[in-house]
Every structure is written in C-alpha cells, then in structure tokens.
Protein chains: 2
Amino acid sequence: MSNNQDSTLRLIMPQWQGGNNHAYHLGAQLLAWLAPATDGPVEEVNVPFSKDMVLENENGIVGRSLIIPQIQHSQELIEKHNPESLVVLGGDCLVDLAPFAYLSEKYGDELGVLWVDAHPDIMTSEQFEHSHASVLRALMGEGDADLTQFVKTPIKANKVMYAGVNNENEYEANFLAERGMRICRPDEIRGEITSIKKWMEEEGIKCLAIHFDLDVLSTKDFGALLFANPHAPKDAFDGIAQGELTMAEAVKVINEAAQYAPVVGLGIAEHLPWDAINLKKMMESLPLLGK
Amino acid sequence: MSNNQDSTLRLIMPQWQGGNNHAYHLGAQLLAWLAPATDGPVEEVNVPFSKDMVLENENGIVGRSLIIPQIQHSQELIEKHNPESLVVLGGDCLVDLAPFAYLSEKYGDELGVLWVDAHPDIMTSEQFEHSHASVLRALMGEGDADLTQFVKTPIKANKVMYAGVNNENEYEANFLAERGMRICRPDEIRGEITSIKKWMEEEGIKCLAIHFDLDVLSTKDFGALLFANPHAPKDAFDGIAQGELTMAEAVKVINEAAQYAPVVGLGIAEHLPWDAINLKKMMESLPLLGK
C-alpha cells in the first residue's frame with residue numbers, strides 16, 4: 001500500500017438522497033472544485049438530480065430505489081480501477097459504503113476505520129428513515145439487506161475508533177457500549193491525544209480508512225453544515241448532537257492517526273454550502289445574469 | 001440597448017488589493033463558478049496573486065502599483081468588446097471603476113446608478129487607505145488622480161441612488177448631504193419601495209448600472225462577508241456599518257429598479273467565502289489529498 005496519488009482513485013459522489021436534502025448535490029461539486037488537483041484517476045457516480053425531485057419512504061428508507069443503484073455504480077467504478085487507495089468526495093455520509101467495504105475486503109484485519117463524526121452512524125431505518133445515519137452499521141454487516149449486500153467483509157467493532165462523537169442518544173450509547181467501541185472525545189482531541197495510538201497498537205491496525213463527516217465541526221468555526229442553515233427554524237435541530245471541533249482540531253486528530261499507519265481511504269461528507277447555494281439561486285434571479 | 005446576453009460582456013476580476021484581503025481572489029473565482037452559464041463573451045482581468053504577497057501603502061493607497069494596471073487591463077478588455085452591457089464579478093468593490101466609467105461615457109445622462117451597498121464608497125485615501133472604499137467618489141470624478149484618470153464622463157450626484165446604506169459616519173453623511181444624494185433605506189426596502197421609481201422619473205433615467213456589494217446583506221442571512229469571518233476577533237468591526245438586508249430584499253430592490261429601465265451593468269463585489277477558503281486550505285493538509 002502506498003500513499004502515491006497516482007494510485008489513488010478520487011470518487012465524486014453527489015448523493016443527496018441518503019440525507020434527503022438537495023443541498024448535498026452542489027456540496028459535493030463544490031468540494032470537488034475546491035480539492036487539490038490530482039494526477040490520479042477521477043470518477044463521478046451517476047446521481048439523478050433536479051430541484052423538484054421529492055423522495056418517498058420506501059419500506060423504511062427514503063429514496064431507496066435511487067440510492068441502491070448509486071451505491072452499485074460507485075462499487076463498479078471502484079472495481080474498474082481496483083485502486084490501492086481512494087478519496088471519496090460526498091455527498092451524504094452514505095457515500096462511504098461501497099468504498100470502505102472495498103477497503104475492508106482488500107486489507108481485511110489490517111484495516112482500521114477512524115470515524116470522525118459528531119454521530120455514530122449506527123441507526124436502523126426504525127430509528128431514522130434517512131440511510132446516511134446507518135452507514136457504519138451496514139459496514140459492520142448489520143441492518144438493511146439492501147445496504148449490507150455491498151459488504152463482503154464486515155468491519156469488526158474493535159477495528160473502529162470514533163473521533164468527535166458526543167452526546168449520543170440512548171439507542172446509540174447502548175449499541176456502542178454493547179460492542180465496547182472506542183471513542184476519542186472532543187475533550188481529548190483538544191488536549192493530548194493518546195487513545196488513537198493505543199487503539200492502533202492493541203488492534204494491530206496497519207492501514208487506515210478515515211471517514212470525515214464535516215458535521216463533527218462546530219458551526220461557530222464552519223458554516224457549511226446542516227445545523228448552520230440560515231433559513232432553518234430555530235428549533236429545527238433541538239435534541240440532535242452537533243459537532244464541537246474546530247477545523248484545526250479535526251485535522252489534528254486525523255493527522256495524529258495518519259502518522260502511525262498509511263491512509264488508504266479518506267471520505268469527506270455532509271458538505272452543505274448554504275451561502276454558495278443561495279448565491280447561485282440569487283444570481284439566477286438578477287438582471288443580465290438570469291434568464 | 002438590449003438585455004440580450006450575447007451582447008453582454010462578463011468580466012471576472014479577482015482583484016483583492018483594493019480591500020487588501022487575499023480572500024477576494026477565491027471569492028471572485030467561486031462567484032464565477034456559481035454564476036449562470038452565458039453565451040456571451042467572458043474575460044478575466046490579470047490579477048497577480050500569491051498567498052504570501054504583502055502590500056504596502058503607496059502614497060495613500062495600499063497596493064497602488066498593482067491596482068492601477070489591473071484597472072487599465074479591465075478597461076482594455078471592455079474596449080476590445082465595446083459591449084452594450086456588462087456583468088462584473090469581483091473581487092473588491094473597486095472592480096466596478098472602469099466598467100461603470102465605460103457605461104457613463106456610453107450612455108451619458110441617460111444612465112442611472114443604483115448603488116446597493118451598506119456603505120457609500122465615497123472615502124478618500126485620507127479617511128481609508130483601502131481604495132475599494134472610494135470607487136463611487138472616483139466615478140463622480142473626485143479623489144485620487146490615478147483612479148479618476150479612468151473616468152472620462154463623471155457620474156453626477158443626482159444620477160445615483162443608494163440602496164441599503166445605513167449608519168454612515170460623519171464624513172460620509174456630510175458628503176451625501178452636501179450633494180443631496182438619495183438613499184433607499186433598509187426600512188423602505190422591507191416595505192413598499194417608492195423612492196426608486198420617483199428618482200428614475202425625476203432624473204430622466206433611461207438605463208441602469210447596478211453595483212451590488214454583497215456586504216449590504218446581513219450576516220444572519222449570508223456568511224460569505226467580511227463581517228462573518230469566523231476567525232476575526234470579536235471587536236474587529238466595531239463602529240463599522242454592516243448590511244441589514246436579506247438576500248430576498250436585495251433582489252427585491254434591484255428588480256424594482258429593473259422594471260422601469262433596462263439594466264446595462266451589474267457588478268457583484270465583496271464575496272468572501274470563508275468556509276470555502278478554509279475547506280480548501282484544510283484539504284491541502286489531509287492525507288491522500290494534500291501533497
């Protein structure tokens with residue numbers, strides 16, 4: 001496994017259906033536009049999109065009949081390149097399903113997953129109808145069969161380290177406690193980080209897949225987040241955990257892990273650039289610019 | 001004069017020196033990326049940029065020796081096309097100097113200027129060393145000779161209508177009062193707008209150039225503004241007027257004017273997309289993405 005960019009597949013996946021929010025679509029495109037240039041292969045997953053599309057709950061999962069073919073396509077694009085490593089630019093959190101399943105199959109027990117997120121992402125459709133909240137559960141081989149079908153080598157609980165998770169609800173807390181899952185809390189990240197190295201040594205982690213949900217960031221530091229939508233009702237997110245890290249702290253915990261093992265996967269998800277979206281829409285209604 | 005897009009020159013001007021803030025550079029590029037597609041000509045003004053560039057005060061104006069050639073280049077690009085109308089995507093507010101001077105020369109007394117801004121932009125280098133604060137003064141034929149050299153047909157005070165200006169300082173208030181300049185206040189914009197039509201009728205306005213400084217918007221509605229920098233000290237902008245409009249209100253006042261006369265110029269300035277800038281920088285320091 002090498003960190004050579006030429007052998008790294010960059011996968012752009014503007015999936016929005018997993019969180020049922022159109023804003024993810026431009027979020028992925030803007031993320032790709034802002035990303036450093038690469039000499040390696042770049043692919044984009046087919047994601048149907050129009051402003052007027054309305055999704056239905058289909059047997060528990062909103063937008064199921066659109067989501068599953070998209071995951072299928074992402075899997076096909078990965079298999080076409082069979083890369084040593086990959087970068088995923090989303091899109092909602094579910095974008096990492098096929099990519100991380102591929103890495104788990106390829107690297108097996110040597111792979112550790114650093115899940116940088118405000119949330120554990122282990123819900124089922126019974127708790128939440130948006131499938132982006134169940135991606136890690138599916139990667140662990142549990143939950144909806146339409147999702148777990150993509151996971152040939154489930155990721156074991158001891159191979160996962162959370163970073164930035166806070167204020168879990170009771171369901172999440174029980175799930176994590178039952179499996180003894182590790183968490184590097186925001187408090188630890190703000191100080192000396194010791195739990196990451198310990199985890200990697202104890203569990204024999206030789207390479208890393210890193211899921212970076214931008215909602216691990218505080219809205220005070222970064223505004224392109226669900227919770228920072230300037231037009232959302234004030235109480236829209238009551239009772240839902242929000243990120244507590246600065247961008248510098250998120251980078252710190254990621255690079256802490258990266259110094260002990262090569263990174264073979266990096267997924268960035270949940271980019272919701274309200275200002276860019278609103279500005280784009282505004283320009284469409286101005287003289288000389290709009291139609 | 002027609003509103004046909006094919007005869008509209010789109011000028012991208014990532015000028016940052018007029019506000020001495022590197023962030024304008026990506027702001028202009030992102031604005032251009034977000035703008036609706038056009039069938040008309042598109043040009044980009046040469047603007048030297050690197051993250052390490054540090055500007056000096058040169059005889060009153062910061063970055064003078066870089067700024068003046070840029071304005072010169074924007075003038076040359078406009079003359080090359082000799083368009084009926086133009087769109088300017090900035091960059092700091094000074095980007096509208098050569099474009100609006102061109103329109104003033106072309107349309108003379110028939111041209112009205114709607115200046116949608118939190119600030120009157122009539123400072124001299126004695127009040128403020130950043131030349132973006134003096135662009136309208138220069139367009140009126142007053143101030144620094146390096147700026148006024150581009151203005152063959154000064155815009156008269158009665159041909160200007162401000163929209164969104166609030167909390168002027170004493171110097172600004174005196175300048176406006178002495179010349180009897182009109183202001184459509186945020187309060188009027190939030191209700192029934194009557195002063196715009198009255199101005200256009202009384203002053204014989206037959207076509208419009210619209211300067212849209214995004215800082216006319218409230219930071220509660222839009223975050224890609226100087227005053228919304230998440231990493232600025234809390235007291236950094238004490239005593240400086242901030243915008244009070246929502247995006248919808250800014251669009252409302254622009255389209256109110258546009259219904260009474262064709263728009264021949266539209267400049268959008270002061271886009272400072274902190275989240276995009278910080279995200280871009282962050283990705284440069286992440287494994288698999290950065291160098």
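We use all heavy atoms of the structure for the numbers below, so side chains are in, but hydrogens, waters and symmetry mates are not. All figures in this text were calculated on a predicted structure; none of them were measured in a lab.
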Measuring from atom [atom1] of [X] to atom [atom2] of [Y], what distance do you get when rounded to the nearest 0.5 angstrom?
| X | Y | atom1 | atom2 | result |
| --- | --- | --- | --- | --- |
| A/His231 | B/Thr246 | NE2 | OG1 | 7.0 Å |
| B/Leu34 | A/Leu30 | CG | CG | 7.0 Å |
| B/Thr38 | A/Leu289 | OG1 | CG | 8.5 Å |
| A/Glu84 | B/Leu288 | CD | CG | 11.0 Å |
| A/Met283 | B/Leu89 | CE | CG | 6.5 Å |
| B/Leu279 | A/Phe222 | CG | CZ | 4.5 Å |

Toward chain A, the part of B/Ile268 with a non-hydrogen atom under 4.5 Å: side chain
Heavy-atom proximity to chain A below 4.5 Å, by part of B/Trp274: neither
Measuring only between side-chain heavy atoms, which start at C-beta, is [X] closer than 4.5 Å to [Y]?
| X | Y | answer |
| --- | --- | --- |
| A/Trp33 | B/Lys280 | no |
| A/Lys220 | B/Pro230 | no |
| B/Val251 | A/Lys281 | no |

Closest approach of A/Ala224 to B/Asp275 (non-hydrogen atoms, all atoms of both residues): N-OD2, 3.4 Å
Polar side-chain atom of A/Asn255 near backbone of B/Ser285 as donor-acceptor pair, under 3.5 Å: yes
Contact class of A/Ala258 relative to chain B, heavy atoms under 4.5 angstrom: side chain
